[in-house]
Amino acid sequence: MTEEWMQVLAAGLVVGLALGFFMQRESRRRKKIYGGFPAEIFHYLASSTISGLIPVIFIALLAGLNFWRIVGSGLSFSITTFLLLLIYGFFENRVGPVVEEIVLTD
């Protein structure tokens with residue numbers, strides 16, 4: 001990894017951490033988190049990486065990185081988000097009620 005690419009990823013992470021606060025706040029307003037403090041941490045980190053996805057691509061474009069480094073930047077944020085949400089899912093162990101509708105036909 002080049003130093004320039006590391007700076008782009010770090011800048012995207014900083015922007016994502018700032019924007020992730022607002023995304024997590026809106027998400028928690030819509031649906032409560034039941035997994036406690038660890039679930040909140042991983043939810044915030046996942047919110048940060050997904051909200052930093054578009055900015056890191058724009059920063060990489062402005063930095064003049066080649067196509068594959070730009071794609072790698074986007075993929076690294078996407079894969080990190082997926083992994084953080086998997087870990088969040090382990091802590092978020094309460095599931096809402098499952099409602100099944102049974103339709104009887106004659």
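It should be emphasised that the depicted structure is a prediction, and the values quoted were computed from it without experimental measurement. All values below were derived from every heavy atom in this structure, side-chain atoms included, with hydrogens, water molecules and symmetry-related copies excluded.
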Is the shortest heavy-atom distance from the side chain of T2 to the side chain of R69 under 4.5 Å?
yes
Heavy atoms only: give me the nearest [X]-[Y] pair and the separation to one decimal.
{"X": "G35", "Y": "P38", "value": "O-CD, 4.0 Å"}
{"X": "A60", "Y": "I70", "value": "CB-CG1, 3.8 Å"}
{"X": "S73", "Y": "V56", "value": "O-CG1, 4.2 Å"}
{"X": "A63", "Y": "V8", "value": "CB-CG2, 3.7 Å"}

Side chain of Y88, backbone of I41: donor and acceptor closer than 3.5 Å?
no
Can you check ring pair (Phe, Tyr, Trp, His ring centres under 6.0 Å) on F91 and F42, steps first, answer last?
CA-CA 9 Å; F91 291 108; F42 285 107; 5.8 Å; yes
Result for side chain to side chain contact (heavy atoms under 4.5 Å, CB included) between T81 and one of L45, I50, L53 points to I50
Hey, which of T80, I79, L85 is the one that makes side chain to side chain contact (heavy atoms under 4.5 Å, CB included) with L83?
I79
Between atom [atom1] of [X] and atom [atom2] of [Y], what is the distance when rounded to the nearest 0.5 Å?
{"X": "L9", "Y": "S76", "atom1": "CG", "atom2": "OG", "answer": "5.0 Å"}
{"X": "E92", "Y": "E40", "atom1": "CD", "atom2": "CD", "answer": "9.0 Å"}
{"X": "S51", "Y": "F22", "atom1": "OG", "atom2": "CZ", "answer": "10.5 Å"}
{"X": "S47", "Y": "L84", "atom1": "OG", "atom2": "CG", "answer": "9.5 Å"}
{"X": "F21", "Y": "S48", "atom1": "CZ", "atom2": "OG", "answer": "10.5 Å"}
{"X": "R30", "Y": "R25", "atom1": "CZ", "atom2": "CZ", "answer": "12.5 Å"}

Identify whether W5 and W68 are in the same connected component of the hydrophobic contact network (ILVMFWY, side-chain heavy atoms under 4.5 Å).
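No: no chain of side-chain contacts under 4.5 Å links W5 to W68.
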Verify same cluster id: F67, L61 (apolar side-chain graph, 4.5 Å)
no
